[in-house]
Structure formats: structure tokens, C-alpha cells
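Hydrogens, waters and symmetry mates are skipped; everything else that's a heavy atom, side chains included, is used.
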Amino acid sequence: MTDKEESTQAQTKSEEVDYTLNNSATLTKYNDAATIAQKVLAEITKAAIPGATILSLCQKGDELLEAETAKIYNNKGKKITKGIAFPTTVSANDILTPYTPIASDAEEAAIQVKDGDVLKIQLGAHIDGLPGIVSDTIVVGTPTPDQSDLILATHYSIEALLRLLLPAEVHPSNTEEKPYKPPTSYAITQTIQKIADAYGCKVVENTTSYQITRNEIEGKKKLVLSPGENMAKSEGAPEVGDIWGVEIWLSKGSGKSKNLPGKRATLFKKTDTKCSLKRESARKTYNEIQKKFGAFPFGLRQLEDERTAKMGVIELVRSNILRQFEVQGDKDGAIVSRVYITAAITKSGITKLAAPPAVDLEKITSEHKIEDEEILRLLELPLKAESKKKKKKAAAAAKKE
């Protein structure tokens, strides 16, 4: 090997980045992306008032995501990709899946937020391909009893799910004498459904949480709640060092879904499939997607020319180069919820990186409540172990008493 080859190899090795949580810089980037996502979520929640169009909220969210990510990681000589990891989507009432209308569809673009709407707002940012994604379910105005039940069921379900994802080695009840055994996906579904039942709700079929890795929000590991017939099953188990997108979908109906007629699919994600493209519109659209979004989901409205993009994606979907997200809704037309939390599993437990604001349990009330003692104990479990400093302070306080 020549001196030049040795130098090039050494340089390449030094440029390799550790994108696991063993590298503190990796977690910092996830945190920075999550902070931006939460900040933008708060702004869109504030702007979701009667009369605002769904399209304007989505556009504003994306503008803010771009602006906020542009402010950071601008060191000269060290280019880091950053931007939108999940376009701003706003799904009203019975719409289950993330929804983002386009300006060139006049009817969809004109849809306005109304008092009493149940809105699912989802968006995400990424720094160096490390995403922070968040989703919240809000009620515009004063919630009805049914809406309050849905919000409370969703809150307790996501909190329970986070605790059920704790690996044995970091679980508070794990001891040498009595090792903790993580529950099966079936047992997790049963627990979450018991919480939903307490408030007259159902877990939506195929609600899926995925492991997150760099440039990928749907990793190899996944947890599928209430899987339907012939649908994908859970794979892998949460481990220390993982990042997960933890998701809960609940319905005040049957928990079954259907494609909504009249709603154009406008959300897409690039696959690993490669093939030659016939149409110029498809080639142009693909090149723009590759450059702007990589493997992250995107909306048609984010592309430079919506009309060209609408034609281009047809061939890309048929060739399986793009995956198309159909607009799905509750089969019964019932109101639905969706909450998404980006969470890190570390040696001390689970940390919420990007999460919606805590539900105000003084304002959102119900005549229903959870009475299952096992579930109540589960909800009391800490997500993270106490730090050594806190333990020492607690021990010192106990001695004084």
C-alpha cells in the first residue's frame, strides 16, 4: 500500500461517524431535532383556530421546520444534512392517517378548521438524518364528553405503552432473584385495549411503532398492536441503545379503517427499488425527491411543481419506487386520535425526545376512569431510574427524618 493510499484510508476512517447512542453527539442531534419539532407543533396548535385552512397550517409548519433547522449546525467545512423528517400533516375528525392537502386541488385546499374538530397534527425535523417526530391530538374549542374520553384514553395508552417497551435490564422491577420478562405483543395489545375500553374506545387495527435509525423512520424492529388478518406482525424487541417512534391510534368506533373516497394520496416515501423510468415527469420528480427528501416521507406540495409531480408519481408508484400512503379513515366515521413520541432507550430507562405537551387532567375530565389495579400500578412505574445524586439526596433526607 502506498503512502497516499494509507493516508486516504486513514482519512476515510477518521471521517466515519458513530451514529449509535454510544456517541453523545448522536443523542444531541436527536434532541435538537426533537426540540424543533416540539416548538413547531406548539405553533401549529396555536394557529389551529376556526377559519384557518388545513393547507395553510401544513404550509406554515413546513416553513417553520425549514427555518428552524436552517439556524443550527452551520459550521464551515462540515456540511450536515438537515430539514424536514416528516411533513406537517393535519388530519381532522375521522381521518386516521397523516393528511396534507395540495394547493392545486381547490376543493381540498379550501377545507377549513371548524369549532369542535378533533385534529391530529404530526410533523418532524432531522439533523444529519437523525429525526425527531411528534404527533398530538387536540380539540378545537371545548371538548365534548366523547372527545374528552378519547383524549384521556390516548394519554394513558401512550404512557402505558412506553412502560411496556422497557427492556428487562432497565425495568424498575427487574432483580436477580426475580428477572423481569417483557410482555409479548399480544399481551401489550390486551393491556392497551383494557385502557381504551375504560373510556369506550378501541385500538385501531395495525397501530404500529417502529425502531428509528439514521435516515429511516420505519426500522426493522416494530410493534404491531391489534394486527389484522394477513397483516405484518411484530418483529424484534426494544433494546438499550434504540430510538423508537412510539405510536397510539384509538377510535370511538370499531377500530377498523377504510380508504376514504375522494381523498387523493399526497404523502409518499421512497423505497429501495431502482429501475429505469420512461416518462420525463417521473425522472424529474424522482431526481427532486432524491435530492430533497432521501428516504424520509414527503408531501406532493413540497415539490417544486405540483402538477408535474402529480403526473410523475404515478409511474414511480407503479414501479414501486415510491410507496403511497392512502388517506384512511375510521370505518364507522367515528372520531379518532393519534399520538407519536420519539423515545430513546438508554441505560437509565426511556427518555421522551419529541413528545406532545402533557394533557391537562384538570381541564380534560371524564365520568369514566381506569380501575384495573395492574394497569394503575403500570402507570405509576417511572420511565427512568433515579440518578445517583437523587438517590443520595433521598437517603440523606430519610436519615434526617
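No hydrogens or angles considered: nothing links the side chains of Asp136 and Tyr340 as a donor-acceptor pair under 3.5 Å. Using a 3.5 Å distance cut-off with no hydrogens or angles, the side chains of Gln112 and Thr53 do not pair a donor with an acceptor. Between the side chains of Thr20 and Asp18, at least one donor-acceptor pair of N or O atoms lies under 3.5 Å. For the residue pair Glu326/Gln324, the side-chain donor-acceptor check at 3.5 Å is satisfied. A donor and an acceptor atom, one from each side chain of Arg301 and Gln59, are nowhere located under 3.5 Å apart. A donor-acceptor pair shorter than 3.5 Å cannot be found between the side chains of Asn320 and Lys274.
Of all the heavy atoms in Ala109 and Leu55, the pair that sits closest is CB-CD2, 3.6 Å. When all heavy atoms of Thr97 and Ile95 are compared, the pair lying nearest together is O-CG2, 3.5 Å. The minimum heavy-atom distance linking Leu65 with Ala37 is given by the pair CD2-CA, 4.5 Å. Nearest heavy atom pair, residue Leu130 against residue Ala33, reads O-CB, 3.6 Å.
Contact check for Ile212 versus Trp244: no side-chain heavy atoms found under the 4.5 Å cut-off. Residues Ile84 and Gln302 have side chains in contact (heavy-atom distance under 4.5 Å, counting atoms from C-beta outward). Here the side chains of Cys58 and Val90 are in contact, with some heavy-atom distance below 4.5 Å. Looking at heavy atoms from C-beta onward, Tyr73 lies out of side-chain contact with Asp128 at the 4.5 angstrom threshold. Counting heavy atoms from C-beta on, the side chains of Leu123 and Ile133 never come closer than 4.5 Å. Using a 4.5 Å heavy-atom cutoff, the side chains of Gln122 and Pro87 are not in contact. Here the side chains of Phe296 and Pro131 are in contact, with some heavy-atom distance below 4.5 Å. Side-chain contact between Lys252 and Cys201: present, with at least one pair of heavy atoms (C-beta onward) separated by less than 4.5 Å.
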Walk me through it: do Lys284 and Glu280 pass the test salt bridge (charged side-chain N to carboxylate O under 4.0 Å, His left out)? CA-CA 6 Å; Lys284 183 179 178 182; Glu280 174 63 26; over 6 Å; no

Evaluate the side chain to side chain contact (heavy atoms under 4.5 Å, CB included) criterion for residues Glu159 and Leu164: first the C-alpha distance (whole Å), next the side-chain angles of each, then the deciding distance (0.1 Å), finally the verdict. CA-CA 9 Å; Glu159 289 298 326; Leu164 291 166; over 6 Å; no

For Asp330 and Lys258, run salt bridge (charged side-chain N to carboxylate O under 4.0 Å, His left out): C-alpha distance rounded to whole Å, both residues' side-chain angles, the deciding distance at 0.1 Å, then the answer. CA-CA 6 Å; Asp330 185 86; Lys258 66 176 182 180; over 6 Å; no

Decide side chain to side chain contact (heavy atoms under 4.5 Å, CB included) for Phe325 and Thr100; before the verdict, give the C-alpha distance in whole Å, the side-chain angles of both, and the deciding distance to 0.1 Å. CA-CA 11 Å; Phe325 293 83; Thr100 178; over 6 Å; no

If you apply the rule salt bridge (charged side-chain N to carboxylate O under 4.0 Å, His left out), what do you find for Asp117 with Lys114, and how did you get there? CA-CA 6 Å; Asp117 277 350; Lys114 301 186 298 297; 3.8 Å; yes

Do Lys46 and Glu43 pass the salt bridge (charged side-chain N to carboxylate O under 4.0 Å, His left out) test, and can you show the C-alpha distance, the side-chain angles, and the key distance before you say yes or no? CA-CA 5 Å; Lys46 197 188 303 180; Glu43 290 297 319; 3.6 Å; yes

Test log, rule side chain to side chain contact (heavy atoms under 4.5 Å, CB included), inputs Val40 and Asp62: CA-CA 9 Å; Val40 176; Asp62 285 359; over 6 Å; no

So Arg264 and Ile102, side chain to side chain contact (heavy atoms under 4.5 Å, CB included) or not? Walk me through it. CA-CA 9 Å; Arg264 172 193 291 273; Ile102 54 178; 3.9 Å; yes

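Between Asp105 atom CG and Lys310 atom NZ the span is 4.5 Å, to the nearest 0.5 Å. Annotation: the span from Leu361 atom CG to Ser366 atom OG amounts to 11.5 Å, rounded to 0.5 Å. Here the CG-CD distance, from Leu378 to Glu373, works out to 12.5 Å after rounding to the nearest 0.5 Å. With rounding to the nearest 0.5 angstrom, the CG atom of Leu27 is 11.0 Å from the CG atom of Asn22. Note that the OG atom of Ser251 and the NZ atom of Lys202 stand 10.0 Å from one another [nearest 0.5 Å]. A distance of 10.0 Å separates NZ of Lys120 from OG1 of Thr154, quoted to the nearest 0.5 Å.
Asp332 contributes no side-chain N or O that, together with a main-chain N or O of Ala334, makes up a donor-acceptor pair within less than 3.5 Å. Between the side chain of Asn174 and the main chain of Ala168, a donor-acceptor pair closer than 3.5 Å is present. A donor-acceptor pair is defined here as one N or O able to donate and one able to accept, closer than 3.5 Å; such a pair exists between the side chain of Arg283 and the backbone of Leu277. Ser157 places a side-chain N or O within 3.5 Å of a backbone atom of Ala153 that can act as its donor or acceptor partner. Judged purely by atom type and a 3.5 angstrom limit, Ser185 has no side-chain atom pairing as donor or acceptor with the backbone of Val224. In this structure a side-chain-to-backbone donor-acceptor pair under 3.5 Å is present from Gln147 to Thr144.
Ile345 pairs with exactly one of Leu383, Leu21, Asp242 by the side-chain contact (heavy atoms from CB on, under 4.5 Å) rule, that one being Asp242. Each of Ile375, Thr207, Val203, Asp197 was compared with Ile192 under the side-chain contact (heavy atoms from CB on, under 4.5 Å) criterion, and only Val203 meets it. The only member of Val139, Asp149, Ile151 that meets side-chain contact (heavy atoms from CB on, under 4.5 Å) when paired with Ile364 is Ile151.
Under a cut-off of 6.0 angstrom, the local environment of CG in Asp360 is crowded, with over 12 non-hydrogen atoms contributed by other residues, nucleotides or ligands. When the shell of 6.0 Å around NZ of Lys270 is examined, it contains more than 12 heavy atoms from other residues, nucleotides or ligands. Heavy-atom neighbours of Lys292 NZ from other residues, nucleotides or ligands within 6.0 Å: above the threshold of 12. Counting heavy atoms of neighbouring residues, nucleotides and ligands inside a 6.0 Å radius, atom NZ of Lys278 does not exceed 12 of them.
Note on Arg323 versus Glu218: salt bridge recorded, some NZ/NE/NH1/NH2 to OD/OE distance being below 4.0 Å. Salt-bridge formation is detected for the pair Lys71/Glu68: a Lys NZ or Arg NE/NH1/NH2 atom is positioned less than 4.0 Å from an Asp or Glu carboxylate oxygen.
In this pair, Tyr199 and Tyr156 present their aromatic rings parallel. The plane angle is below 30°, not in the 30 to 60° band.
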